[in-house]
Amino acid sequence: MTRFLFTITTAAVIFFIAAPNTHAVKVEGVTFAETYQVEDIELHLRGSSLLRYLVFIKAYVGAFYMLPQEDAQQALGRTPRRLELEYFHAISASDFADATRQKIADNVTAATLATLSARLEQFNALYRDVQPGDRYALTSRPGSGTELSLNGTPLGLIAGDDFAAAVFAIWLGTDPIDTDFRDALLGVR
């Protein structure tokens, strides 16, 4: 029995020593990894925050990832990036679509919106209703497109770096959902 316990203890010590050093950040009890792998590129957590609705209501928490050598001004450029949002309340797919249309319109010119309209509707068709604890992620791969996933399951990919810039502008643009949330995601506050 002593030999068995020694073997188990030794195996546990080796496991913990050999285990990768993974760090995470917690926001309102929600954990986000410090890095995210996009194919052969490692993105690093730039910032995270809580978004409140009507000051008192916790809507969701988010984390934004980009290349570590890039600065905040490059967040909407032609670069790999990822945004994860975990929700505290149920939200319908149609509410997501309406908000996406409005916030993209707030951040691009009318001509750009016209160019994006077909892809915007393709994207909006990807949305699903969410429940508390569900997590949407947007991952942009320059030249490939922007993938929307729900709880780790890819829902679809929309082509175009112009579309990626427009959809990420909802949170990171000049007229975002919330400027404090944007600045925290970009790590500038």
Side-chain angles (χ1 to χ4, degrees), residues 19-91 95-96 99-100 102-104 106-107 123 126-142 145-155 158 161 163-189:
N21 185 9
T22 58
H23 298 283
V25 63
K26 276 195 174 191
V27 181
E28 298 292 321
V30 177
T31 303
F32 295 100
E34 286 198 14
T35 60
Y36 183 81
Q37 196 75 23
V38 177
E39 296 164 1
D40 61 343
I41 300 168
E42 186 174 74
L43 301 178
H44 290 247
L45 180 66
R46 181 70 184 208
S48 57
S49 189
L50 165 70
L51 180 90
R52 290 184 183 270
Y53 176 73
L54 298 175
V55 182
F56 301 107
I57 301 168
K58 295 177 183 179
Y60 54 82
V61 291
F64 179 63
Y65 300 82
M66 61 188 297
L67 296 171
Q69 68 272 21
E70 294 182 338
D71 62 29
Q73 287 84 20
Q74 294 171 295
L76 296 179
R78 190 174 191 273
T79 184
R81 59 193 165 242
R82 180 176 175 88
L83 176 66
E84 294 183 19
L85 302 170
E86 186 163 316
Y87 298 88
F88 293 123
H89 302 279
I91 303 172
D95 285 346
F96 281 115
T100 299
Q102 183 59 55
K103 288 313 294 176
I104 287 179
D106 290 347
N107 280 282
F123 183 79
L126 301 175
Y127 281 126
R128 304 293 178 259
D129 296 344
V130 299
Q131 299 302 314
D134 282 344
R135 187 179 291 201
Y136 267 128
L138 281 174
T139 306
S140 173
R141 297 172 186 92
T146 302
E147 178 185 85
L148 179 67
S149 63
L150 178 59
N151 299 325
T153 301
L155 300 174
I158 305 298
D161 296 332
F163 181 80
V167 75
F168 276 88
I170 293 169
W171 298 274
L172 306 174
T174 56
D175 189 4
I177 285 178
D178 182 90
T179 56
D180 288 337
F181 187 70
R182 174 197 62 200
D183 293 349
L185 291 179
L186 293 174
V188 296
R189 71 164 187 136

CG/L186 to CD/Q74 distance, rounded to the nearest 0.5 angstrom? 11.5 Å
For A169 against L76, the heavy-atom pair lying closest together: N-CD2, 3.7 Å
Check against side chain to side chain contact (heavy atoms under 4.5 Å, CB included), L45 and T35: CA-CA 6 Å; L45 180 66; T35 60; over 6 Å; no
Any donor-acceptor pair under 3.5 Å linking the side chain of R81 with the backbone of F64? no
Taking every heavy atom of Q131 against every heavy atom of A90, the minimum-distance pair comes out as OE1-CB, 3.7 Å
Do side-chain atoms of K103 reach the backbone of D175 as a donor and acceptor pair under 3.5 angstrom? yes
What closest approach, in Å, do V188 and A72 show between heavy atoms, and which atom pair accounts for it? CG1-CB, 3.7 Å
If you round to the nearest 0.5 Å, how far is CZ of R128 from CG of D134? 12.5 Å
Rounded to the nearest 0.5 Å, what separation is found between the CG atom of D71 and the CE atom of M66? 7.0 Å
First locate atom CD1 of I177, then atom CG of L51, and finally report the distance between them rounded to the nearest 0.5 Å. 6.5 Å
To the nearest 0.5 Å, how far apart are CG in L50 and OH in Y60? 10.0 Å
Using modelled atom types and a 3.5 Å cut-off, is there a donor and acceptor pairing between side-chain atoms of Y65 and backbone atoms of A33? yes
Answer yes or no: is there a donor N or O on one side and an acceptor on the other, between the side chain of R141 and the main chain of E147, under 3.5 Å? no
Measuring only between side-chain heavy atoms, which start at C-beta, is T139 closer than 4.5 Å to T146? no
Between S49 and A184 the two heavy atoms that sit nearest each other are CB-CB, 3.5 Å
Shortest non-hydrogen pair, L185 vs S48, comes out as CD2-CA, 4.0 Å
How close do G62 and L85 get, counting heavy atoms only, and between which atoms? CA-CD2, 3.7 Å
Between CZ on residue F96 and CG on residue D129, distance to nearest 0.5 Å: 8.5 Å
Donor-acceptor pair, R82 side chain versus A137 backbone, under 3.5 Å? no
Does N107 use its side chain to pair, donor to acceptor, with the backbone of T174 at less than 3.5 Å? yes
Does some side-chain heavy atom of F123 sit less than 4.5 Å from a side-chain heavy atom of L138? yes
Does the separation of the ring centres of F88 and Y53 fall below 6.0 angstrom? no
Step by step, would you call L148 with Y127 a side chain to side chain contact (heavy atoms under 4.5 Å, CB included)? CA-CA 8 Å; L148 179 67; Y127 281 126; 4.0 Å; yes
Step-by-step side chain to side chain contact (heavy atoms under 4.5 Å, CB included) determination, I158 to L126: CA-CA 10 Å; I158 305 298; L126 301 175; 4.3 Å; yes
